[in-house]
Enquirer: 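Structure incoming, see below.
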Amino acid sequence: MKQMHLSKSNLNTFLACPRRFSYIYLQNLKPETSEAMQRGLDVHEFCSQFYDHITFENNKTFIIDESFVDLFLAQCSEEAQRQISNFLSFEMKRWNICKQLLPAEPKKLFIPLLRETKFFADSINQVTIIDRLDLRLDGNYTLVEIKSGKFLDKNWKKTELRRELAFEKTTCEASPEFQKKFPNEIVDFVIYFPSSNDIMMENFNGRTLGALRKSIEKMKQAIEDKNFPCNVAYHCRFCPFNLGTCPMEMS
């Protein structure tokens, strides 16, 4: 079997349920695109394309191409439309902050360095897609992740989010292509939730990176041993493989 590059998606799937990971990533039993998945795709696409459809006036304000916005919104669900509206208001506030921080060149802070870009790190067998990479005032970088789901201020959820961004950081640091273009340090991350305009901001720390390494080793060992048990839990009743494919038993 061809060696698979690890991604944050297949790692999260494995940690939630090794059996489901096996179905999706090893047996290629792809679940259908759900409404939530489609909403996420639409919101991500708009947030990426947005910066190609704005013009600036003397570093004082920016103007959005309304025809682009109207056409895009016409193809989205109501919830995606609401999140895109929140994103637009959020970016206006962020622009005002960028003007305060760097009055001479606010666009340097406002316009992302990267959007929806994939990087491979063959030395550690990882691949990731960066939602956004922003420049910091000190010349280093901030990873920005956009989540179209609800913001849950819970420890277990924060742990998962920290792991995802740590995965992105380690992949970028081991990617020759990324390091050639961006030689400075990825210092922190921002996770943005357009459903409520909440954000989660943190610096990276050694504890999160260490926990990530342990999770990856656990997944690699399971692949080597071909051992993919089902994590029987409440979420099984929502799994697309619980009818006939997965032999799990609900207690």
Side-chain angles (χ1 to χ4, degrees), residues 8 40 42-66 68-69 72-73 80 82-119 128-149 151 158 161-162 164-205 208-209:
K8 60 185 181 183
D42 291 339
V43 171
H44 273 78
E45 184 176 356
F46 182 90
C47 293
S48 177
Q49 293 187 25
F50 164 77
Y51 304 98
D52 295 324
H53 296 274
I54 57 177
T55 54
F56 295 90
E57 291 188 345
N58 300 322
N59 284 338
K60 293 183 178 180
T61 187
F62 64 83
I63 300 174
I64 307 169
D65 182 351
E66 294 186 1
F68 158 71
V69 176
F72 199 100
L73 291 178
R82 188 180 69 82
Q83 294 198 24
I84 288 171
S85 178
N86 285 348
F87 169 79
L88 292 173
S89 64
F90 188 89
E91 286 302 275
M92 183 60 74
K93 294 178 181 177
R94 192 171 70 87
W95 167 250
N96 290 330
I97 293 173
C98 290
K99 288 194 297 181
Q100 295 174 20
L101 293 174
L102 197 64
E105 297 180 281
K107 287 190 291 184
K108 287 185 65 176
L109 298 180
F110 184 72
I111 298 295
L113 298 171
L114 286 176
R115 290 172 277 151
E116 297 292 337
T117 307
K118 179 181 286 189
F119 290 100
T128 194
I129 296 177
I130 303 300
D131 283 358
R132 216 172 83 194
L133 184 76
D134 286 4
L135 181 68
R136 290 165 44 99
L137 272 174
D138 61 6
N140 290 316
Y141 315 117
T142 297
L143 282 172
V144 180
E145 181 82 1
I146 299 171
K147 294 292 187 182
S148 60
F151 173 66
K158 287 184 175 180
L161 295 173
R162 291 185 182 106
E164 288 187 20
L165 273 296
F167 189 97
E168 290 188 13
K169 174 180 168 67
T170 57
T171 305
C172 290
E173 289 174 341
S175 166
E177 181 184 1
F178 181 92
Q179 291 300 318
K180 183 178 180 180
K181 296 178 181 178
F182 306 102
N184 294 342
E185 184 181 359
I186 300 173
V187 174
D188 55 5
F189 65 84
V190 172
I191 303 176
Y192 168 58
F193 298 83
S195 60
S196 55
N197 273 354
D198 282 305
I199 59 173
M200 175 180 170
M201 303 173 59
E202 286 188 12
N203 290 335
F204 287 104
N205 61 68
T208 298
L209 295 171

Enquirer: Can you name the side-chain hydrogen bond (donor to acceptor under 3.5 Å, both in side chains) partners of Asp198, sequence neighbours left out?
Expert: Ser196

Enquirer: Test your reading of the model: is there a side-chain donor-acceptor pair from Asn86 to the backbone of Pro194, 3.5 Å cut-off?
Expert: yes

Enquirer: Which residue pairs pass the salt bridge (charged side-chain N to carboxylate O under 4.0 Å, His left out) test when at least one of the two sits in residues 178-190, sequence neighbours left out?
Expert: Arg136-Asp188, Glu177-Lys181

Enquirer: Is there a donor-acceptor contact under 3.5 Å linking the side chains of Arg94 and Tyr192?
Expert: no

Enquirer: Say you draw a straight line from CD1 of Ile111 to CD1 of Ile54; how long is it, rounded to the nearest 0.5 Å?
Expert: 4.5 Å

Enquirer: Where do Ile146 and Asp131 come nearest, in terms of heavy atoms and distance?
Expert: N-OD2, 2.9 Å

Enquirer: Once salt bridge (Lys or Arg N to Asp or Glu O under 4.0 Å) is applied, do any residues pair with Lys158, and if so which ones, sequence neighbours excluded?
Expert: Asp153

Enquirer: Does any pair with a residue in residues 55-66 pass side chain to side chain donor-acceptor pair (under 3.5 Å), and if so which ones, sequence neighbours excluded?
Expert: Asp65-Ser67

Enquirer: May I ask you to check whether Phe68 and Phe46 place their ring centres under 6.0 Å from each other?
Expert: yes

Enquirer: By salt bridge (Lys or Arg N to Asp or Glu O under 4.0 Å), which residues pair with Lys147, not counting sequence neighbours?
Expert: Glu145, Glu164

Enquirer: Measuring only between side-chain heavy atoms, which start at C-beta, is Asn197 closer than 4.5 Å to Ser89?
Expert: yes

Enquirer: Evaluate the side-chain proximity of Phe62 to Met92: yes if any heavy-atom separation is below 4.5 Å, no if none is.
Expert: yes

Enquirer: Under the side-chain contact (heavy atoms from CB on, under 4.5 Å) rule, what do Glu168 and Phe119 come out as? Steps first, then yes or no, please.
Expert: CA-CA 9 Å; Glu168 290 188 13; Phe119 290 100; over 6 Å; no

Enquirer: Partners of Asp52 by side chain to side chain contact (heavy atoms under 4.5 Å, CB included), sequence neighbours excluded?
Expert: Arg115

Enquirer: Both conditions, 6.0 Å and 45 degrees, for the charged tip of Lys169 above the ring of Phe204: are they met here?
Expert: yes

Enquirer: Any side-chain heavy atom of Val187 within less than 4.5 Å of one from Asn203?
Expert: yes

